[in-house]
Amino acid sequence: MNRLAALRLAYVQRRNAVFSSARFQHWAARLPLIRWIATRRAKGAFDLLAGFTYSQILRAYVETGLFDVLRQGPCNAAAVAHRIGLSQEAALTLLRAGRPLMLSEEPAPDHWTLGEQGAVFATNPGVQAMVRHHRLLYADLADPVALLRADRKQPTDLSRFWTYAGALHGASERGADTAEYSALMAASQHFVADEVLATVDFRGTRSLLDVGGGHGAFLRHIGSAWPHLRLGLFDLPEVAAAGAAALGDALGAHRITAHPGNFFSDFIPSGYDMVSLIRILHDHDDGPAQALLANIRKSLAPGARLLIAEPMARIPGAEAMGEAFFGLYLWAMGSGRPRSPGEIIAMCRAAGFASARFLPTAQAVNASLIIAAA
């Protein structure tokens, strides 16, 4: 350990000893500036404790259809109760619970409408699909210690859902629903595509191959914004065929090429200026992820580029999303982990890329970007 790291470790240990002191807490509560800091820390601590309750309130708004009810205009509690199938007392409890979370608002007595956050959720079915999906994660995290102690390859609700055949055909041990899968993928790819379009200039790019592109949601967004691009979709045979057909209908068949194959064992098609990995790398453990990067590198001509877009760890302002949320999500899924930009850049260099750089985005909770050049 170098001197700087040792000094930082000593500082953190001393800080924690001070903050945990009852005497310090008593003293801090009486000084205006320190009291403000202490109050903010206390709120943060309570939010950690109550976070699951908040998420379940949100889930109740989605699953009862309360957002749709409030979206239609101010309603009294009795009308809300009738329309979502709860007693008036239960409906009022839910309305009040969502008020401090800005899901609902009562601008006049017993006149309930959407709050600021509620307005966002109510108009975005993709976000609501993600809320519904997270019930699987919450079930797996009912006993987090047991989950962490178990064999990681032991089936979980999330791993069953994401089993590729189950997601593709709408059937797994728990009966994964094709509609839920499609809505979830469309929403998540839309969010990532927005960040890519706001950050990457495709004017000098003639062709783009999306590896593991599924049913083509990402390529559809990029291709619509940049109509000069020739687009390729690489995925398992039945997936690539269906995705390319849908893309052809939307963007023109002359622009689309389907490439069936397995990105671990088959050669990645060459001849593209750019290859994209959209929310793919973090789904895989280090060995397979490194092999995938090496396989892509072999297919690229000098000057061609790889675009990696996914939520990443240790991004300033989005730290909790990376290592807290996606760390546990991917653990429950049974594969992969969130990686920092530095880790991904090092993996790209190890795979033989000449350079790799990090591109920050406006909404890092959706995705951060790395572009590597062959």
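Results of the ring pair (Phe, Tyr, Trp, His ring centres under 6.0 Å) test with His259 over Phe234, Tyr272, Phe267 single out Tyr272 as the only residue that passes.
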| message | Could you go through Asn124 and Phe191, starting from their C-alpha distance and side-chain angles, then the distance that decides it, and tell me whether this counts as side chain to side chain contact (heavy atoms under 4.5 Å, CB included)? | response | CA-CA 11 Å; Asn124 196 322; Phe191 296 146; 4.0 Å; yes
| Pair Leu66-Val80, side chain to side chain contact (heavy atoms under 4.5 Å, CB included): steps then yes or no | CA-CA 8 Å; Leu66 182 52; Val80 169; 3.5 Å; yes
| field | Criterion side chain to side chain contact (heavy atoms under 4.5 Å, CB included) on Leu114 and Phe121, from CA distance to verdict | value | CA-CA 10 Å; Leu114 292 170; Phe121 281 101; over 6 Å; no
| query | Between Met333 and Phe326, does a side chain to side chain contact (heavy atoms under 4.5 Å, CB included) hold up when you go through it step by step? | reply | CA-CA 10 Å; Met333 195 175 78; Phe326 276 103; over 6 Å; no
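You'll find the side chain of Leu209 reaches within 4.5 Å of the side chain of Ile268, heavy atoms only. In this structure, the side chains of Leu306 and Leu277 come closer than 4.5 Å at one or more pairs of heavy atoms.
Considering every non-hydrogen atom in both Leu95 and Ser104, the closest pair reads O-OG, 2.7 Å. The two atoms that bring Val365 and Ala318 nearest to each other are CG1-CB, 4.3 Å, heavy atoms only. Considering all non-hydrogen atoms of both residues, Trp112 and Ala77 come closest at CD1-N, 4.3 Å. Between Leu293 and Cys348, the shortest heavy-atom contact is CD1-N, 4.1 Å. In this structure, Ser276 and Asp210 approach most closely via the heavy-atom pair OG-OD1, 2.7 Å. Heavy atoms only, all atoms of each residue included: Ala372 and Phe353 are closest at CB-CD2, 3.6 Å.
Checked against side chain to side chain donor-acceptor pair (under 3.5 Å), Arg3 has no partners two or more places apart in sequence or in another chain. Residues meeting the side chain to side chain donor-acceptor pair (under 3.5 Å) test with Thr257, sequence neighbours left out: none. When the side chain to side chain contact (heavy atoms under 4.5 Å, CB included) test is applied to Ala90, the partners found at least two apart in sequence or on another chain are Leu86, Ser87. Residues passing the side chain to side chain contact (heavy atoms under 4.5 Å, CB included) test with Ala81 are Gln88, Ala91, sequence neighbours excluded. When the side chain to side chain contact (heavy atoms under 4.5 Å, CB included) test is applied to Thr361, the partners found at least two apart in sequence or on another chain are Glu195, Thr199, Ala364, Ser368, Leu369. Not counting sequence neighbours, the partners of Phe264 by the side chain to side chain contact (heavy atoms under 4.5 Å, CB included) test are Asn262, His284, Pro288, Leu292.
Cluster annotation: Leu359 and Ile344 are assigned to distinct hydrophobic clusters (Ile/Leu/Val/Met/Phe/Trp/Tyr, side-chain heavy-atom contacts under 4.5 Å, transitive). Cluster annotation: Leu233 and Leu300 are assigned to distinct hydrophobic clusters (Ile/Leu/Val/Met/Phe/Trp/Tyr, side-chain heavy-atom contacts under 4.5 Å, transitive). When hydrophobic clusters are built by joining Ile, Leu, Val, Met, Phe, Trp and Tyr residues whose side-chain heavy atoms come closer than 4.5 Å, directly or via intermediates, Val211 is not grouped with Leu219. Following chains of ILVMFWY side-chain contacts shorter than 4.5 Å, one can reach Val127 starting from Leu70, so the two form part of one hydrophobic cluster. Taken together through direct or relayed side-chain contacts under 4.5 Å among Ile, Leu, Val, Met, Phe, Trp and Tyr, Ile371 and Ile278 form part of one hydrophobic cluster.
Residue pairs meeting the side-chain hydrogen bond (donor to acceptor under 3.5 Å, both in side chains) criterion with at least one partner in residues 296-321, sequence neighbours excluded, are Thr205-Arg305. For residues 260-276, every residue pair satisfying the salt bridge (Lys or Arg N to Asp or Glu O under 4.0 Å) rule, not counting sequence neighbours, is listed here: Arg206-Asp273. Sorted by first and then second residue, the pairs that involve residues 130-139 and meet side-chain hydrogen bond (donor to acceptor under 3.5 Å, both in side chains), not counting sequence neighbours, are His133-Tyr329, Arg135-Glu180. Among residue pairs with one or both ends in residues 98-124, those qualifying as salt bridge (Lys or Arg N to Asp or Glu O under 4.0 Å) are Arg99-Glu106; sequence neighbours excluded. Residue pairs meeting the salt bridge (Lys or Arg N to Asp or Glu O under 4.0 Å) criterion with at least one member in residues 283-294, sequence neighbours excluded, are Arg152-Asp285, Lys153-Asp285, Asp286-Arg337, Asp286-Arg339. Among pairs with a residue in residues 62-87, those fulfilling salt bridge (Lys or Arg N to Asp or Glu O under 4.0 Å) read Arg59-Glu63, at least two apart in sequence or across chains.
When atom types are taken as modelled, the side chain of His111 and the backbone of Pro109 share a donor-acceptor pair closer than 3.5 angstrom. Using a distance-only test at 3.5 Å, with no hydrogens or angles considered, no donor-acceptor pair links the side chain of Asp140 to the main chain of Leu147. Under the 3.5 Å distance criterion, the side-chain polar atoms of Thr64 are matched with a main-chain donor or acceptor of Ala60.
Residue His228 places its NE2 atom among more than 12 non-hydrogen atoms of other residues, nucleotides or ligands, all under 6.0 Å distant.
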